[in-house]
Amino acid sequence: MKTTIKEAKQYLNQEVTIGAWLTNKRSSGKIAFLQLRDGTGFMQGVVAKAEVAEEIFKLAKELTQESSIYITGVISEDDRSDIGYEMQVKSIAVISEAHDYPITPKDHGTEFLMDHRHLWLRSKKQHAVMKIRNEIIRATYEFFNDNGFTKIDPPILTASAPEGTSELFHTKYFDEDAFLSQSGQLYMEAAAMAHGRVFSFGPTFRAEKSKTRRHLIEFWMIEPEMAFCEHAQSLEVQEQYVTHVIQSVLTNCKLELNVLERDTSKLEKVTTPFPRITYDDAVVFLKEQGFDDIEWGEDFGSPHETAIANHYDLPVFITNYPTKIKPFYMQPNPENENTVLCADLIAPEGYGEIIGGSERINDLDLLEQRINEYGLDAESYSYYLDLRRYGSVPHSGFGLGLERTVAWLSGVDHVRETAPFPRLLNRLYP
């Protein structure tokens, strides 16, 4: 019977064959322990000299790291194993023998590992991070499909910039200028006017020369947009979505979280509603905490966000930022004309902003005024203005950064480990 490591538990006390790679091994005089992986999981194979042919035991001791094999044996219970079972090996057939595998069972520098990212992905911890990423994606589709959203795919090549052009990658589109998208939001607003509740999930690009542990040049965004939806209702959707994703990861990725040694108590206590603090109150709080450098009207940096999130030790909404530091499309706050109806969701434990959202301006005259104030080309936004000309309604939306969310839930220090092949400043390989 041919099976996988993940499905092998269905065959306790039965003989099966698994295609696998050897990640590591150790042996004594009469027994060899083979650490195996097959993409679905990791498992130990035990080769007892007295139980196999002489050539099989010799082969087991000579196998090299990352050689591919077909391995046959009986699945047996093992309480010491993370997965609860192992294989009592009967035979081994080599598919391809590997030599001088560069990532050995020792410490390697980050740059070395990033140069070998195509191989580093095979390691147990990197495998766990990608499984958690996959679960977040699965739970995302589940949440939005179950809540009446239609998935719409915005273009990656755009003629205009949602938030200005200073951090965009420019390219030529035949005889026109074009940009790699930094957000699908404006197109999602158009889609929301057709479908009511929509979401997108795709790559976005920022030509920002940042080297922090929170930044990637290419990253994936989940961007829902909702017609007939005001800011307060949007915040509730964000809370429901984030808690759904957390619960899905806690339920379906227990093994991966354990491999990563993630303190899940931090995640288990996340419930709705999330704490909320206005930008005004956040400035006061930060000054009380000794951040004398922050002044009203300035954007918050990582230390400021971390201090606020640490105070609550939960995801926290910072609401109603000053108009001048936010994009042109945000709806004014009726209680303070110098601020807008927006919120950033800050993850605890130093992971920073994972969601940015707002209610959008629905008044044509005001939107035209803002486009002019921000020095944008009105012609490039003609289609966007049409949304206010033909049946404008209150509408809101937000964007969640996938890689930062993966970093937070998996507990890894840097977003470079949360993308399969991360694009960083000065790194375009592999």
Side-chain angles (χ1 to χ4, degrees), residues 5-6 19-25 35-42 64-69 95-138 140 156 169 180-182 201-222 249 253 255-262 350-352 354 400-430:
I5 290 174
K6 182 178 180 180
W21 293 270
L22 180 74
T23 65
N24 201 359
K25 72 174 190 292
Q35 305 306 317
L36 308 167
R37 66 174 186 86
D38 73 341
T40 72
F42 294 77
T64 54
Q65 185 182 0
E66 287 303 316
S67 289
S68 55
I69 58 176
I95 303 170
S96 178
E97 190 174 355
H99 296 283
D100 302 319
Y101 186 69
I103 303 178
T104 56
K106 68 174 185 180
D107 288 335
H108 293 278
T110 298
E111 287 304 305
F112 177 88
L113 291 172
M114 291 304 299
D115 286 340
H116 294 84
R117 181 61 174 170
H118 53 296
L119 302 177
W120 191 24
L121 281 172
R122 302 179 183 189
S123 71
K124 200 168 188 179
K125 287 191 174 182
Q126 297 305 306
H127 185 272
V129 174
M130 289 301 107
K131 295 293 282 187
I132 290 171
R133 178 187 173 107
N134 182 72
E135 178 59 23
I136 292 170
I137 294 169
R138 188 207 63 78
T140 290
I156 292 174
F169 286 103
L180 293 182
S181 175
Q182 69 173 174
F201 174 58
T204 55
F205 306 84
R206 301 285 170 95
E208 179 180 356
K209 293 185 177 180
S210 175
K211 297 176 71 174
T212 80
R213 70 187 186 98
R214 299 178 178 180
H215 286 86
L216 291 170
I217 304 302
E218 174 186 326
F219 58 98
W220 286 65
M221 290 275 286
I222 294 100
V249 169
C253 295
L255 176 61
E256 289 79 12
L257 292 166
N258 185 55
V259 165
L260 295 166
E261 300 178 336
R262 180 64 163 107
Y351 287 97
I354 58 169
L400 175 138
L402 176 64
E403 284 78 11
R404 286 190 186 180
T405 305
V406 176
W408 169 37
L409 298 192
S410 61
V412 301
D413 289 333
H414 200 295
V415 290
R416 64 181 163 231
E417 295 186 41
T418 66
F421 297 96
R423 295 296 174 247
L424 303 157
L425 187 63
N426 304 322
R427 179 167 291 283
L428 194 59
Y429 176 90

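The first residue of the sequence shown is numbered 1, and numbering continues consecutively from there.
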Any side-chain heavy-atom pair of [X] and [Y] under 4.5 Å:
{"X": "Pro102", "Y": "His108", "result": "no"}
{"X": "Glu66", "Y": "Arg37", "result": "yes"}
{"X": "Arg427", "Y": "Glu111", "result": "yes"}
{"X": "His215", "Y": "Val415", "result": "no"}
{"X": "Phe201", "Y": "Ile137", "result": "yes"}
{"X": "Leu255", "Y": "Lys131", "result": "no"}
{"X": "Leu260", "Y": "Ile132", "result": "yes"}
{"X": "Lys124", "Y": "Thr23", "result": "no"}

[X] (side chain) donor-acceptor with [Y] (main chain) under 3.5 angstrom:
{"X": "Tyr101", "Y": "Leu119", "value": "yes"}
{"X": "Asn24", "Y": "Gln35", "value": "no"}
{"X": "Ser68", "Y": "Ser96", "value": "yes"}
{"X": "Glu256", "Y": "Val129", "value": "no"}
{"X": "Arg214", "Y": "Arg404", "value": "no"}
{"X": "Asp38", "Y": "Gly41", "value": "yes"}

TODO: I would like to know whether Gln126 and Arg117 meet side-chain contact (heavy atoms from CB on, under 4.5 Å); could you show each step before the answer?
DONE: CA-CA 10 Å; Gln126 297 305 306; Arg117 181 61 174 170; 2.7 Å; yes

Grab the two heavy atoms, one from [X] and one from [Y], that are nearest each other, plus how far apart they are.
{"X": "Glu403", "Y": "Ala419", "answer": "CG-CB, 4.1 Å"}
{"X": "Gln65", "Y": "Ala98", "answer": "O-CB, 3.4 Å"}
{"X": "Cys253", "Y": "Glu135", "answer": "SG-CB, 3.5 Å"}
{"X": "Leu22", "Y": "Thr64", "answer": "CD2-O, 3.5 Å"}

Rounded to the nearest 0.5 Å, what separates atom [atom1] in [X] from atom [atom2] in [Y]?
{"X": "Leu216", "Y": "Ser210", "atom1": "CG", "atom2": "OG", "answer": "9.5 Å"}
{"X": "Leu113", "Y": "Ile103", "atom1": "CG", "atom2": "CD1", "answer": "5.5 Å"}
{"X": "Lys125", "Y": "Ser410", "atom1": "NZ", "atom2": "OG", "answer": "11.0 Å"}
{"X": "Ile217", "Y": "Thr204", "atom1": "CD1", "atom2": "OG1", "answer": "11.0 Å"}
{"X": "His116", "Y": "Leu121", "atom1": "NE2", "atom2": "CG", "answer": "13.0 Å"}
{"X": "Trp120", "Y": "Met114", "atom1": "CH2", "atom2": "CE", "answer": "6.5 Å"}

Open item on the list: I want to check a possible cation-pi pair here: Arg213 against Tyr351, using under 6.0 Å from ring centre and within 45° of the ring axis as the test.
Closed with: yes

Open item on the list: My understanding is that only one of Val249, Thr418, Leu400 makes a side chain to side chain contact (heavy atoms under 4.5 Å, CB included) with Ile136; could you say which?
Closed with: Val249

Task: Carboxylate-amine/guanidinium proximity below 4.0 Å for Arg133 and Glu417 - done: no

Open item on the list: Quick one, Arg206 with Phe219, criterion side-chain contact (heavy atoms from CB on, under 4.5 Å). Give me CA distance, side-chain angles, the key distance, then yes/no.
Closed with: CA-CA 8 Å; Arg206 301 285 170 95; Phe219 58 98; 3.4 Å; yes

TODO: Using the six-membered ring wherever Trp is involved, compare the ring planes of Phe169 and Phe205 and label them parallel, tilted or perpendicular (cut-offs 30° and 60°).
DONE: perpendicular

- [ ] Verify side-chain contact (heavy atoms from CB on, under 4.5 Å) between Ile156 and Leu180, making sure each step is shown before the conclusion.
- [x] CA-CA 6 Å; Ile156 292 174; Leu180 293 182; 4.2 Å; yes

TODO: Report the C-alpha distance between Leu428 and Arg423 in whole Å, list the side-chain angles of each, state the deciding distance to 0.1 Å, and finish with yes or no for side-chain contact (heavy atoms from CB on, under 4.5 Å).
DONE: CA-CA 6 Å; Leu428 194 59; Arg423 295 296 174 247; 3.4 Å; yes

